[in-house]
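This one's a predicted model, so the numbers in the text were calculated from it and none came from an experiment. Just so you know, these numbers use all the heavy atoms, side chains as well, and skip hydrogens, waters and symmetry mates.
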Amino acid sequence: MAWRIGVDIGGTFTDVALIDEASGRIGVAKVPSTPSDLAQGVLAALETAMRRYDVGASDVGLFSHATTVVTNAILEERGARAALITTRGFRDVLELRRSSMTSSRTHRPR
């Protein structure tokens, strides 16, 4: 039995979603986020979810991680000032920044 686990760190809560690939069973868990140490919230959320659904570490086939904390910081302009410096012909860097790169897109240096 292999479980897929996804974790999202939010400003208020850290959420976990689980799915058992064999049975299709779905589970969720939510714990308070820990802004001073985001990893602590992730570990607490994983522990809660895995205990609740009786999932062992060896049962996990995929672990995926995301964070809306970063998205919120960007939208609220609370992050550090930053700049991107690149050279001609590296448009992929900008496409990755936009999170819109597709494999069918052809890039040519400008």
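Residue V42 is not grouped with residue V31 when hydrophobic side chains (ILVMFWY) are merged at heavy-atom distances under 4.5 angstrom, including chains of intermediate members.
Taking each heavy atom of V28 and L18 in turn, the nearest pair found is N-CD1, 4.2 Å. Heavy atoms only, all atoms of each residue included: V69 and G11 are closest at CG2-N, 3.9 Å. Listed here is the closest heavy atom pair of T34 and G41: OG1-N, 2.9 Å. In plain terms, the two heavy atoms of I5 and L46 that are nearest each other are CG2-CD2, 3.7 Å.
Between atom OG of residue S58 and atom CH2 of residue W3 there is a gap of 13.0 Å, rounded to the nearest 0.5 Å. A distance of 7.5 Å separates CE in M50 from CG in D59, rounded to the nearest 0.5 Å. Note that the CZ atom of F13 and the OG1 atom of T68 stand 12.0 Å from one another [nearest 0.5 Å]. One distance of note links OH of Y53 with CD1 of I19; it measures 12.0 Å at 0.5 Å rounding. Taken from CD in E21 to CG in L62, the straight-line distance is 7.5 Å, to the nearest 0.5 Å. Distance check: L38 CG to I9 CD1 gives 4.5 Å after rounding to the nearest 0.5 Å.
Between V55 and V60 the shortest side-chain heavy-atom distance falls below 4.5 Å. Counting heavy atoms from C-beta outward, V7 and T14 have side chains that approach closer than 4.5 Å.
Heavy-atom neighbours of E76 CD from other residues, nucleotides or ligands within 6.0 Å: above the threshold of 12.
T12 and S33 form no side-chain donor-acceptor contact under 3.5 Å, judged by distance and modelled atom types alone.
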